[in-house]
Amino acid sequence: IRDRCLSYIVMTAAAKLTAASQTRSPIKNGDKQNTPLKLGECMNMKKLAPTLLAILLLAGAVLAVHFFQKNSSSEKPAASGASQTASDQLVNTPAGEESQAEQPPGGQIVLEGEMRAVWVPYLSLDQSKIGQGQEAFQKAFDEIVSQAKEYGLNTLIVHVRPFGDAMYPSEIYPWSHLLTGTQGGDPGFDPLEYMVRKTHEAGMQFHAWLNPLRIQSKGTPSILAPDHLYTQWREDSDPNNDDWVVDWEEGKYFNPAYPEVREKIIEGIREIVENYPVDAIHFDDYFYPTSDGAFDEKAYQAYTESVGEGVPLTLPQWRIANINTLVSGVYSAIKSINPQVQFGISPQGNITNDLNMGADVETWASQKGYVDYLCPQIYVNFDHPLLPFHQTADQWRQMTTAEGVKLYIGLAVYKAGSEDADSGTWNGKTDILQREIEYSRSLGCDGIMLYSWDYMDTSQTQEEVANVIKIFQEGSGN
């Protein structure tokens, strides 16, 4: 509309000026451009003055509206720049302005009312347990969808990258070992396409759950594929990328200190959002696996040397800056492809632990440009001696102030009915989860997430789960 208005204004002005110029003799070769106008010409121009003035005022108004709209849409801070070896930017650097690129066909599900979600971890999809082949996988997932719908749930959070791998055909990451028993083995079908489609057919949201840094944990998977990024970087002839991955205790991890590593993680997320109508990308609480400086000593040393005479960030600050750069980069990448797709993180409920892992939850909760939702894992009950549920939930509710950032609460189904969890405070009780849901609602939280699917139907948890299902089915925003 703006362009059409400007076009009309320009054309109108040109027509008026052309009409005026027709009263003058054309300029001959050699005539000066500033030849004074004759009296008749001045009279014609004088008659046109009000019209031309109105045209100029209208053009100015259109341009002013355009300028206001452009600046209003740029309220989000600019994207952080990546460093050569680490993060020499400020610790709290939010993502850049959302792209106004044309949105591709969506297919996302819009929830009405609260979110009622369950995590479906990779163990629930391990074909060594549920049976080999496409038919067995699809049957197992169909049962999850059907049962979740019956429970009154409306969202599945499904593991699609647990170990720097993929539950879909990827140009960046190898096939997950969960599908064939061997990482890199092609199962002959696309599990992610099927899972998203079946979840949406049931009217439920599908959140693609990724572990951004974990590659291997305690021997799982037992062998990494030849085309895994870890294998490529460690076995190529370039010594400069050896530190892009880290061997630490019983695991292997991507090192987020390096821009190249962060970009590979972001590329993998772009791949999902561009090719599948997922409703959200979801990170859990796994960031830096340790506070020990030996984990990324080489990268941190390179960073401090790059500062020169300046004052470098402390190791915890520097790690937070690395993760913030990654998180804001993921957010920006998702929004540039499809603004309807959400980005959420489920950190630990203990904020001190989060900060020690590089997870700057205080910033994510209070500033735009990082996440669309947070879901702290408050895996305790009201009687926990150090971290009571109600006090922790209150803290997160008060901290989450950023416009548009939703707050969900993660609950520990796996502890329900336990005899010894949290000093035995779950033992003999059947309504802890129910009361936690009710308390979360009283705080104005946007929903809950349950961990995990494997514990929704066990003898230990059945009484607690039955009470949860009851309050879901009784109507709470379906």
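- For Tyr373 and His207, the ring centers sit closer than 6.0 Å to each other.
- The only option from Asp247, Asp242, Asp243 that meets the salt bridge (charged side-chain N to carboxylate O under 4.0 Å, His left out) definition with Arg234 turns out to be Asp247.
- Using a 4.5 Å cut-off on side-chain heavy atoms (C-beta onward), Gln205 and Asn154 make no contact.
- Side-chain contact annotation: Tyr168 with Glu271, donor-acceptor N/O pair under 3.5 Å present.
- In this structure, Val341 and Gln108 have side chains that are in contact, with non-hydrogen atoms separated by less than 4.5 Å.
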I would like to know whether Arg441 and Glu436 meet salt bridge (Lys or Arg N to Asp or Glu O under 4.0 Å); could you show each step before the answer?
CA-CA 9 Å; Arg441 288 174 174 173; Glu436 289 182 341; over 6 Å; no
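- For Glu201 and Lys198, the salt-bridge test passes: some basic side-chain N is under 4.0 Å from an acidic carboxylate O.
- Between His282 and Trp119, the two ring planes are perpendicular [angle over 60°; tilted spans 30° to 60°].
- Aromatic ring orientation, Tyr151 versus Trp453: tilted (interplanar angle from 30° to 60°).
- Trp175 and Asp165 share no side-chain donor-acceptor pair at under 3.5 Å.
- Annotation: side chain to side chain contact (heavy atoms under 4.5 Å, CB included) contacts of Thr182 (sequence neighbours excluded): Thr180.
- The salt bridge (Lys or Arg N to Asp or Glu O under 4.0 Å) pairs that include a residue from residues 412-426 are Lys415-Asp422, where partners are two or more places apart or lie in different chains.
- Residues Tyr414 and Tyr379 place their aromatic rings such that the two centres sit under 6.0 Å apart.
- With ring centers used as reference points, Phe343 lies under 6.0 Å from Phe283.
- For Trp318 and Tyr300, the gap between ring centers is short of 6.0 Å.
- Between the side chains of Asp296 and Asn255, no donor-acceptor pair is found at a separation under 3.5 Å.
- Note that SG of Cys375 and CD1 of Ile157 are 6.5 Å apart. Values are rounded to the nearest 0.5 Å.
- With hydrogens and angles left out, the side-chain atoms of Gln301 and Glu297 include no donor and acceptor closer than 3.5 Å.
- Not a single side chain to side chain contact (heavy atoms under 4.5 Å, CB included) links Glu249 to another residue, sequence neighbours left out.
- With ring centers used as reference points, Phe137 lies under 6.0 Å from Phe189.
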Using the rule given for side-chain contact (heavy atoms from CB on, under 4.5 Å), can you reason through His177 versus Thr220, listing the C-alpha separation, both sets of side-chain angles and the distance that settles it, and then say yes or no?
CA-CA 9 Å; His177 75 282; Thr220 302; 3.9 Å; yes
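- A distance below 6.0 Å separates the ring centres of Tyr122 and Phe163.
- Side-chain rings of Tyr331 and Tyr370 stay apart, their centers remaining 6.0 Å or farther from each other.
- By the 4.0 Å N-to-carboxylate-O rule, Asp126 lies close enough to Lys129 to be salt-bridged with it.
- Counted by atom type alone, Asn356 and Ser291 present zero donor-acceptor pairs between their side chains at under 3.5 Å.
- Tyr439 and Phe389 have perpendicular rings, their planes meeting at more than 60° on a 0 to 90° scale where under 30° would count as parallel.
- No donor-acceptor contact under 3.5 angstrom links the side chains of Ser346 and Asp284, judged on distance only.
- Asn211 and Tyr253 share no side-chain donor-acceptor pair at under 3.5 Å.
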